[in-house]
Colleague: 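Here you go, one structure.
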Amino acid sequence: MASSPTVLMRLMASAYSVAHRAGTIVRNVVAGGDLGIVEKCGPNDLQTKADRLVQMTICSSLARKFPRVTIIGEEDLPSHDVDEELIEEGQCEEILKKAFPPQYSSIKEEELVVWVDPLDGTKEYTEGLLDHVTVLIGIAYEGKAIAGVINQPFYNYEAGADAVLGRTIWGVLGLGAFGFQLKEVPAGKHIITTTRSHSNKLVNDCISAMNPDSVVRVGGAGNKIIQLIEGKASAYVFASPGCKKWDTCAPEAILHAVGGKLTDIHGNPFHYNKEVKHMNSAGVLATLKNFDYYASRVPESVKQALVP
């Protein structure tokens, strides 16, 4: 008889279902025509109705099933009773059938930290660049990103009126990643993906030092990691503070699950304990392959300017 699903398996199965539900909410807000935009810290730091509804859905749904898990969301929302319509009870059966790595079998609820970005790429969302947008749910154990879910609500949105919108990608360290076709950039090509709306001299100096064949500027950390694992970019370079733990936890877990690497600009790993500061103040460097090639080309001046 098969053993009962572990806490991590059940949490991942629930995270998958609630991320899928979140994608529907994000699309419905667009269809409704009123994004409900408010500025948080300025015109490049926005919050929409979708950010608020999705965070309530994810955090409340997971907290109800896993009351001892620490859940940290991007949005600072008042705590109040959440409409029952926002609660997602489902679990992805496909995930529950997987053979999870044995090192995770004894994990307890209270040892897990979930990092939630309800809408990664909010600025792009408000500008109609819908393919940049993702919903991110990352799971950390002992400070390490071990599992993640990325929902892309508008995947396929340019494929015509009959296209099925949205997809959910997920991965677990030691198990692999699913929901996409893993592909590498052609050998010898150096294509860098970087920020679209938060660029500065430091970011551009770092990219120039790597002598790329081309640079792709898009929104959202989740979107950039998808570019790496689908062969559209070979490195994600962001030599600036600005990214937060909820931006990187899920993407890092999925990238690492397929053999990639994500660190700060110095090559230091991120830590995702519940007590850590939220800001990734020393930037982000990520690749599917050839990490050392890019890490070795980060200028000393950039490293000195970005203190971990």
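One-based numbering along the sequence shown.
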Colleague: Using every non-hydrogen atom in the two residues, find where Phe291 and Gly267 come nearest and quote the distance to one decimal.
Modeller: CZ-CA, 4.4 Å
Colleague: Looking at every non-hydrogen atom in both residues, tell me the closest pair between Gly219 and His132 and how far apart they are.
Modeller: N-ND1, 2.9 Å
Colleague: Within the side chain of Asn204, is there an N or O that forms a donor-acceptor pair under 3.5 Å with the backbone of Lys201?
Modeller: no
Colleague: Might you work through the side-chain contact (heavy atoms from CB on, under 4.5 Å) test for Tyr104 and Val172, ending with a clear yes or no?
Modeller: CA-CA 10 Å; Tyr104 302 139; Val172 178; 3.8 Å; yes
Colleague: Check whether Tyr125 reaches the backbone of Val26 with its side chain - one donor and one acceptor, N or O, closer than 3.5 Å.
Modeller: yes
Colleague: Is there a path from Ile95 to Leu175 through hydrophobic residues (I, L, V, M, F, W, Y) whose side chains come within less than 4.5 Å of each other?
Modeller: yes
Colleague: Can you tell me how far the CG atom of Leu262 sits from the CG atom of Leu288, to the nearest 0.5 Å?
Modeller: 12.0 Å
Colleague: Ile71, Val113: one ILVMFWY side-chain cluster at the under-4.5 Å cut-off?
Modeller: no
Colleague: Are the side chains of Ile207 and Pro212 in contact, using a 4.5 Å heavy-atom criterion?
Modeller: yes
Colleague: Return the minimal non-hydrogen interatomic distance between Pro308 and Lys277, and the atom names on each side.
Modeller: C-NZ, 4.0 Å
Colleague: Is His256 atom NE2 crowded by more than 12 heavy atoms from other residues, nucleotides or ligands, each under 6.0 Å away?
Modeller: yes
Colleague: Within this structure, what is the CG-SG distance for the pair Asp120 and Cys243, rounded to the nearest 0.5 Å?
Modeller: 7.5 Å
Colleague: Mark yes or no for whether Ser234, through its side chain, and Ile191, through its backbone, hold a donor-acceptor pair below 3.5 Å.
Modeller: yes
Colleague: First locate atom SG of Cys206, then atom CZ of Arg297, and finally report the distance between them rounded to the nearest 0.5 Å.
Modeller: 12.0 Å
Colleague: Among Ile25, Leu53, Ile137, Leu86, find the residue that satisfies the side-chain contact (heavy atoms from CB on, under 4.5 Å) test when tested with Ile58.
Modeller: Ile137
Colleague: With a 4.5 Å limit on heavy-atom distance, are the side chains of Leu62 and Val69 in contact?
Modeller: no
Colleague: Report the residue from Thr134, Ile225, Ile169, Asp117 that forms a side-chain contact (heavy atoms from CB on, under 4.5 Å) with Pro251.
Modeller: Ile225
Colleague: Hydrophobic clusters here meaning ILVMFWY residues chained together by side-chain heavy-atom distances under 4.5 Å, can you tell me if Ile254 and Val149 are in one?
Modeller: no
Colleague: Taking Ser281 for the side chain and Val307 for the main chain, is one N or O donor matched with an acceptor at less than 3.5 Å?
Modeller: yes
Colleague: For a 4.5 angstrom cut-off between non-hydrogen side-chain atoms, does Leu285 reach Phe238?
Modeller: no
Colleague: Output yes when a side-chain donor or acceptor of Gln152 lies under 3.5 Å from a complementary backbone atom of Phe154, and no otherwise.
Modeller: no
Colleague: Set out, in order, the CA-CA distance, both residues' side-chain angles and the distance that settles side-chain contact (heavy atoms from CB on, under 4.5 Å) for Asp264 and Asn280, then state yes or no.
Modeller: CA-CA 7 Å; Asp264 72 11; Asn280 295 331; over 6 Å; no
Colleague: Within 45° of the axis and under 6.0 Å from the centre of the six-membered ring of Phe178, does NZ or CZ of Lys98 qualify?
Modeller: yes
Colleague: Find out if a path of hydrophobic residues (ILVMFWY) with successive side-chain heavy-atom gaps under 4.5 Å connects Val133 to Ile150.
Modeller: no
Colleague: Roughly how far, to the nearest 0.5 Å, is the CD atom of Glu184 from the NZ atom of Lys232?
Modeller: 15.5 Å
Colleague: Apply side-chain contact (heavy atoms from CB on, under 4.5 Å) to Ser301 and Asp205, showing your working.
Modeller: CA-CA 9 Å; Ser301 59; Asp205 286 350; 5.8 Å; no
Colleague: Does the side chain of Leu136 reach to within under 4.5 Å of the side chain of Asn151, using non-hydrogen atoms?
Modeller: no
Colleague: Can you check whether Tyr236 reaches Leu228 side chain to side chain, under 4.5 Å on heavy atoms?
Modeller: yes
Colleague: Taking the inter-plane angle between the rings of Trp115 and Trp246 on a 0 to 90° scale, is it parallel (under 30°), tilted (30 to 60°) or perpendicular (over 60°)?
Modeller: tilted
Colleague: What residue among Ile72, Thr248, Val114 forms side-chain contact (heavy atoms from CB on, under 4.5 Å) with Tyr272?
Modeller: Thr248
Colleague: Salt bridge between Glu93 and Lys97, side-chain N to carboxylate O under 4.0 Å?
Modeller: no
Colleague: Report the C-alpha distance between Leu112 and Arg68 in whole Å, list the side-chain angles of each, state the deciding distance to 0.1 Å, and finish with yes or no for side-chain contact (heavy atoms from CB on, under 4.5 Å).
Modeller: CA-CA 8 Å; Leu112 293 169; Arg68 294 188 296 279; over 6 Å; no
Colleague: Are the side chain of Lys144 and the backbone of His271 linked by a donor-acceptor contact shorter than 3.5 Å?
Modeller: no
Colleague: Between Glu142 and Lys108, does a salt bridge (Lys or Arg N to Asp or Glu O under 4.0 Å) hold up when you go through it step by step?
Modeller: CA-CA 11 Å; Glu142 295 183 338; Lys108 300 180 179 69; over 6 Å; no
Colleague: How far apart are the closest heavy atoms of Gly188 and Asp213, and which atoms are they?
Modeller: O-OD2, 3.8 Å
Colleague: How many angstroms lie between atom CG of Leu202 and atom NZ of Lys303, to the nearest 0.5 angstrom?
Modeller: 13.0 Å
Colleague: Would you please indicate if the ring centroids of His190 and Tyr293 are separated by under 6.0 Å?
Modeller: yes
Colleague: Would you kindly confirm whether Phe270 and Val116 end up in one hydrophobic cluster when ILVMFWY residues are joined by side chain heavy atoms under 4.5 Å apart?
Modeller: no
Colleague: Any heavy-atom pair between the side chains of Val237 and Ile192 that's under 4.5 Å?
Modeller: yes
Colleague: What is the minimum heavy-atom distance between Gly166 and Arg27, and which atoms define it?
Modeller: CA-NH1, 3.9 Å
Colleague: Side chains of Gln91 and Tyr16: does their closest heavy-atom pair fall under 4.5 Å?
Modeller: no
Colleague: Are the side chain of Gln227 and the backbone of Thr193 linked by a donor-acceptor contact shorter than 3.5 Å?
Modeller: no
Colleague: Does the pair Arg64 and Glu84 meet the rule for a salt bridge (Lys or Arg N to Asp or Glu O under 4.0 Å), with working shown?
Modeller: CA-CA 11 Å; Arg64 182 173 291 191; Glu84 283 297 315; 2.7 Å; yes
Colleague: Hey, is the main chain of Val218 close enough, under 3.5 Å, to the side chain of Lys224 for a donor-acceptor pair?
Modeller: yes
Colleague: Quick one: are Leu129 and Arg196 in side-chain contact, heavy atoms under 4.5 Å?
Modeller: yes
Colleague: Among Thr126, Asp51, Val29, exactly one meets side-chain contact (heavy atoms from CB on, under 4.5 Å) together with Leu119. Which residue is that?
Modeller: Asp51
Colleague: Taking Ser105's backbone N and O only, do any of them form a donor-acceptor pair with Thr6's side chain (distance below 3.5 Å, no angle check)?
Modeller: no
Colleague: Taking everything shown except Gln181 itself, do over 12 heavy atoms lie less than 6.0 Å from its CD?
Modeller: no
Colleague: Determine the minimum heavy-atom distance between Pro153 and Gly23, stating which atoms define it.
Modeller: CB-O, 3.7 Å
Colleague: Counting N and O atoms only, with roles assigned by atom type, does the side chain of His266 sit under 3.5 Å from a partner on the main chain of Ala282, one being a donor and the other an acceptor?
Modeller: no
Colleague: Give, for atom CZ of Arg52 and atom OG1 of Thr57, the distance between the pair rounded to the nearest 0.5 Å.
Modeller: 13.0 Å
